[in-house]
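The structure appears right after this line, and notes come after that.
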Amino acid sequence: MGGGGSSTRRVTFEADENENITVVKGVRLSDNVIDRMKEPSSLGGRAHPQQRSASGAVNEEELKKRIAEELALERARRDSEAQKRRFFGKLLERERVSSNEHLTRAILRERAATEEERQKAQRFAKQLEEKDRELKKHDAYYKEQLARLEER
């Protein structure tokens, strides 16, 4: 971006009602840069700005340096935000995976408990049927004995 860089960046701006400069593409500029942009251009329309006297003016190289610094700071801020988004995205993904694993384990435990209860109910049903058959045998035997006693 600095002095011999191959890439250039264009900044589109416009003046509002109060002659303040509004930066369109979200690039931050210092007050000195904005003041330079407000100044009317020299004879050739967009001729190169000339260095002003040392009484507080900023030369072109210093201006380029400041713009490059501002752009580098903005790029660093964006990179930092992107890094934070990636970090929190990974954290959220790990939480989601962990939550899904926990839920899956809970579902499997519940299915196992349900199957165990089903098998237990089947065992109790068989035992109940066996007891019922035994009781019917005893009932038949006692009825037979009662009938014999009544015959005597």
Side-chain angles (χ1 to χ4, degrees), residues 1-39 41 46 48-49 56-152:
M1 261 287 149
S6 61
S7 65
T8 60
R9 179 177 230 177
R10 293 186 179 201
V11 179
T12 307
F13 63 92
E14 56 188 28
D16 62 5
E17 303 85 39
N18 301 329
E19 292 301 316
N20 294 329
I21 302 299
T22 304
V23 178
V24 174
K25 287 206 174 184
V27 178
R28 295 183 192 168
L29 299 175
S30 67
D31 291 335
N32 289 336
V33 173
I34 293 173
D35 289 341
R36 297 251 326 177
M37 293 169 88
K38 285 181 181 179
E39 290 177 4
S41 48
R46 290 219 71 175
H48 293 292
V58 178
N59 68 24
E60 188 174 333
E61 286 300 314
E62 204 174 313
L63 184 60
K64 286 180 182 179
K65 183 179 175 185
R66 279 197 174 159
I67 290 173
E69 288 173 357
E70 292 287 334
L71 290 174
L73 286 172
E74 180 64 19
R75 191 173 296 123
R77 185 187 65 76
R78 286 182 184 164
D79 289 347
S80 174
E81 287 178 1
Q83 186 178 11
K84 286 178 188 175
R85 279 194 298 275
R86 283 191 301 271
F87 172 75
F88 286 117
K90 288 177 184 177
L91 189 63
L92 277 171
E93 180 63 20
R94 276 184 270 171
E95 284 294 320
R96 186 186 64 75
V97 167
S98 174
S99 176
N100 283 345
E101 288 174 356
H102 179 71
L103 184 59
T104 301
R105 284 193 302 267
I107 289 171
L108 289 175
R109 278 193 307 269
E110 190 62 33
R111 283 182 183 165
T114 302
E115 179 63 21
E116 188 177 321
E117 287 291 321
R118 187 185 65 76
Q119 290 174 355
K120 199 179 205 183
Q122 282 180 345
R123 278 195 313 272
F124 286 145
K126 283 182 182 179
Q127 287 175 355
L128 185 61
E129 285 175 8
E130 198 175 303
K131 290 263 185 189
D132 192 40
R133 275 195 304 263
E134 252 183 71
L135 286 173
K136 284 182 182 178
K137 280 182 188 177
H138 286 289
D139 188 45
Y141 173 75
Y142 289 127
K143 282 183 181 178
E144 184 183 318
Q145 291 297 320
L146 183 64
R148 280 188 189 165
L149 283 174
E150 286 177 357
E151 279 182 21
R152 291 186 182 172

Show which side-chain atoms of residues 119-145 pair as donor or acceptor with protein atoms under 3.5 Å away, not counting sequence neighbours.
unit_1, atom_1, unit_2, atom_2, d
Gln119, NE2, Glu115, OE2, 3.2
Glu144, OE2, Arg148, NH2, 3.0

Is there a salt bridge (Lys or Arg N to Asp or Glu O under 4.0 Å) between Glu74 and Arg78 once you walk through the steps?
CA-CA 6 Å; Glu74 180 64 19; Arg78 286 182 184 164; 3.2 Å; yes

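Crowding of Arg111 atom CZ: a count of heavy atoms from other residues, nucleotides or ligands under 6.0 Å not exceeding 12. For Glu116, the CD atom is loosely surrounded, since the number of other residues' heavy atoms within 6.0 Å does not exceed 12.
Judged by distance alone, with hydrogens and angles left aside, the side-chain atoms of Ser80 form no donor-acceptor pair with the main-chain N or O of Ala76 at under 3.5 Å. A donor-acceptor pair is defined here as one N or O able to donate and one able to accept, closer than 3.5 Å; such a pair exists between the side chain of Thr104 and the backbone of Asn100.
Arg77 has its side chain out of reach of Leu73: every pair of non-hydrogen atoms, C-beta onward, lies at least 4.5 Å apart.
Under the 4.0 Å criterion applied to side-chain N and carboxylate O atoms, Glu70 and Arg66 are not assigned as salt-bridge partners.
Within the structure, the side chain to side chain donor-acceptor pair (under 3.5 Å) test picks out the following pairs touching residues 83-94 (sequence neighbours left out): Glu93-Arg96.
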